[in-house]
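Right, I'll just put the structure down here and ask away after.
Both ligands and their constituent atoms are indexed starting at 1 by order of listing. Numbers here are sequence positions counted from 1. Computed from a predicted structure; not experimentally measured.
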Amino acid sequence: MCGIIGFAGREEAAPILLEGLARMEYRGYDSAGIAVRSEERGLQVKKTKGRLQALFDLTHGGADLEGPLGIGHTRWATHGEPNDINAHPHISEKGNIALVHNGIIENYLEIKEHLIRQGVHFTSDTDTEVVAQLLEFHYNECHSMLEAVGRVLRRIEGSYAFGIICSDYPNALIAARKDSPLILGYGKGGNFIASDVTAIIKYTRDVAYMDDGEIAVVTADHIDVFDAELTPVEKQHSLVDWDVSAAEKGGYAHFMYKEILEQPEAVRKTISPRIREGRVVLDEFSMTAEEAQSISRIFIIACGSSYHVGMVSKYNWERLLRRPVEVCLASEFRYSDPLVDEHSLVIVISQSGETLDTMAAMREAKRLRGRTLAIVNVVGSSIAREADHVLYTWAGPEIAVATTKAYSTQLVLMDLVGLYLGDLLGTVDRAEYDAILSELQALPEKMRAVLADITPIQYFASRYFNHDSIFFIGRNLDYAMGLEGSLKLKEISYIHSEAYASGELKHGTISLIEPGTLVVALGTYGPLFDKAMSNVVEVKARGAEVLAVTTETFRERMEKTADATVAVPDTHPVLQPSLGVVPLQLFAYYVALQRGCDIDKPRNLAKSVTVE
Ligand code: F6R
């Protein structure tokens, strides 16, 4: 989604802004722009539709804009089509204010009409230009930028992160946020604002997270933060615990491939600090046995792949905890009048920690007095800060739009939480607890074994990449895993794909199976392997080509029926999706590669979805 960077320092701002925008390219965008201010040339703005390279060419790598103060933006269109005019920064009519914005201003039309009646002229279709014009309107009244920003924030409704520069303020940029992330970066030769820490990590790891309603005034030497009443606020600094190399490709063709390979280490980092002396220890989420007993219902809320993690956990947790677990799409949950009460444990799962629907669903759950636990990857993100408890997945920065290592770390963290609760509730016996825990610790090695043998998957991708519709089938955990395999494939290769619970095929979908249809059959879940096999036979009988993913134990049996088989190491059945998903990620990757798709930045998709 949209990205913001701002810089106030002593060097030329434009190249720094362009580089920061390039580091946020992965988030998805359709146009980009920068505004820079200098003493001699005042405000200079360049913006254009298309890739950042176009902005780079337009500004000769930033050399055409002069000055040590500036803001930059990558836009993902919400109001008005992607074009040069609707791109940010937006300039006020008199040309002395430039503003970039992430989020949506809900009452922009009403404000726009008011300003038009006052004689203000608009050039774009955006909600953002309305804010730039309103700001100028108030600035003309009060002649103080800070006061004008305060007045604007009291007037607008919706979500926002703003970066603002004004030609009358040679040294300062102003930032404000509500429901859209904004980070302050304390650098050596200047200070920063950014919507994503990757934009500024090359310059500083010393950051502070802005809270809703706060306004920051950023100069080369200071960052002053104020609350909505313009009272100064002391910010707590955080040190980002990864460096620039973690957010770079490091010689790999794609971030997605690099991130698939990083999974064993990411999983190890997520698990190992939380297992001590043979027990799961969750410092950030400790509960007494009585508190656990008082939970009558568990909700897992998320979107996309994070929701698929919830699907796996539902099967596992209901079996281990003997409690009803409801998995909800955040976008549905928030408007469903949910039956959450003070006896509900509500788990929200989000890589970015900024997904608007997930955030809104969590707020609704809190309003209904549910106890919220967030499983989040991005430290300091909005969901992490608002939840009652947070457990971080230590996957490191995930740059590819299609999630892989974040999904895998979410899975194992949910396994740990399940074990922890099962122990408190007394529903998991000691032998099973020990068996799962020891297999969890063995997962990184077993994932490495899967990743060491990718040639067959490359071969299958080159054999099947031309199909235009692919079905994933499986039962129980294999079904949940198939949902993720199917999503991976469709989002990066653009092949139509659906995942079905195998037992449902004969209730309709089997009519689509005809000679040559590709079916990816998942048979890794031991307790239901025989049932899964009979579904494979069923689709084979109708002429389907079957690519199967199974375990070493079942390889031989599967090979007798399937056209192609990939086998992963055996583990405890509840953990099998952690291994089975890896060939599915690789299959999607290699199919997309064969089809020449833009793997890290698939069309129409954004890394973090901060609009509804
Ligand atoms: C798919 C993918 C998305 C995200 C979804 C939720 O590869 O990445 O489906 O899982 O947009 O995002 P988070 O986890 O950031 O809330």
Side-chain angles (χ1 to χ4, degrees), residues 1 26-28 76 179-181 195-198 254-257 259-260 263 266 300-313 327-334 347-363 372 374-387 390-393 395-411 413-414 480-494 497 499 581-582 584-589 591-592 597-612:
M1 289 259 117
Y26 75 95
R27 296 169 65 97
W76 200 81
D179 294 342
S180 186
S195 53
D196 182 330
V197 81
T198 47
H254 297 99
F255 278 110
M256 183 177 176
Y257 186 64
E259 288 161 6
I260 289 173
Q263 292 182 106
I300 303 176
I301 307 171
C303 303
S305 295
S306 300
Y307 169 79
H308 297 157
V309 169
M311 289 290 289
V312 172
S313 303
V327 198
C328 312
L329 291 165
S331 52
E332 290 295 317
F333 176 92
R334 59 184 293 197
I347 318 262
V348 292
I349 308 177
S350 176
Q351 186 285 129
S352 60
E354 301 294 349
T355 302
L356 190 81
D357 281 323
T358 310
M359 168 82 125
M362 182 180 79
R363 286 181 178 161
T372 55
I375 305 286
V376 170
N377 192 42
V378 177
V379 175
S381 54
S382 308
I383 291 175
R385 286 182 301 142
E386 274 193 34
V390 58
L391 290 170
Y392 285 111
T393 50
E398 190 176 64
I399 307 294
V401 164
T403 181
T404 52
K405 62 176 180 171
Y407 171 90
S408 290
T409 52
Q410 288 167 350
L411 266 189
L413 189 46
M414 288 295 280
M481 184 172 89
L483 290 168
E484 178 59 7
S486 169
L487 179 64
K488 282 288 85 83
L489 184 77
K490 69 186 126 196
E491 68 184 324
I492 62 168
S493 74
Y494 315 143
S497 161
V581 79
V582 178
L584 303 185
Q585 298 166 338
L586 286 165
F587 181 66
Y589 174 79
V591 166
C597 299
D598 190 352
I599 293 180
D600 284 338
K601 296 190 278 291
R603 67 184 180 209
N604 305 337
L605 290 178
K607 183 65 183 164
S608 95
V609 184
T610 50
V611 293
E612 191 172 353

E354 pairs by side-chain hydrogen bond (donor to acceptor under 3.5 Å, both in side chains) with which of S382, S180, S381?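 The passing option is S382.
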Least distance between heavy atoms, N604 atom then W76 atom: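 Taking N604 first and W76 second, the nearest heavy atoms are O-CZ2, 3.5 Å.
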What heavy-atom pair brings G304 and L487 nearest, and what distance separates the two atoms?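 Heavy atoms only, the tightest pair is C-CD2, 4.2 Å.
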Please confirm whether T358 comes within less than 3.5 Å of ligand 1 when only nitrogen or oxygen atoms on both sides are compared.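 Among all N and O atoms of T358, none is under 3.5 Å from an N or O of ligand 1.
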Compare S381, S305, G353 and give the one whose heavy atom is closest to atom 10 (O) of ligand 1.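 Comparing heavy atoms across S381, S305, G353, the nearest one to atom 10 (O) of ligand 1 lies in S305.
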Give me the nearest non-hydrogen protein atom to atom 12 (O) of ligand 1 as residue plus atom name, then the distance to 0.1 Å.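 The closest one turns out to be T355 OG1, 3.5 Å.
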Just which atoms of ligand 1 are under 4.0 Å from any heavy atom in E491?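 Under 4.0 Å from E491, ligand 1 has these atoms: 1 (C), 7 (O).
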Run the contact test for V401 against ligand 1 with a 4.0 Å cut-off on heavy atoms, strictly below, and give the result.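 So V401 counts as touching ligand 1.
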Just to confirm my output: which protein heavy-atom neighbour is closest to atom 15 (O) of ligand 1, and how far is it?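 Looking only at protein heavy atoms, the one closest to atom 15 (O) of ligand 1 is S352 OG, 2.7 Å.
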Pull out every atom of ligand 1 sitting under 4.0 Å from any heavy atom of S350, numbered as shown with elements.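 Taking each heavy atom of S350 in turn, ligand 1 has 13 (P), 14 (O), 15 (O), 16 (O) under 4.0 Å.
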For Q410 and S350, which heavy atoms make the closest approach, and how far apart are they?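 Shortest heavy-atom contact: NE2-C, 3.8 Å.
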Could you tell me if any non-hydrogen atom of K488 lies under 4.0 Å from any atom of ligand 1?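 For ligand 1, residue contact (heavy atoms, under 4.0 Å) with K488 is present.
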Tell me which protein heavy atom sits closest to atom 11 (O) of ligand 1, plus the residue, atom name and distance to 0.1 Å.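 Looking only at protein heavy atoms, the one closest to atom 11 (O) of ligand 1 is V609 CG2, 4.3 Å.
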Which heavy atom of A384 sits nearest to which heavy atom of Y392, and what is that distance?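 That closest heavy-atom pairing would be CB-OH, 3.3 Å.
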Note the single closest protein heavy atom to atom 5 (C) of ligand 1, along with its residue, its atom name and the distance in Å.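 It is C303 O, 3.6 Å.
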Parallel, tilted or perpendicular: rings of H254 and Y589 (30°, 60°):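 Ring orientation, 0 to 90° scale: perpendicular.
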Just verifying a value: how many Å separate T393 OG1 and E398 CD, rounded to the nearest 0.5 Å?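 It comes to 9.0 Å.
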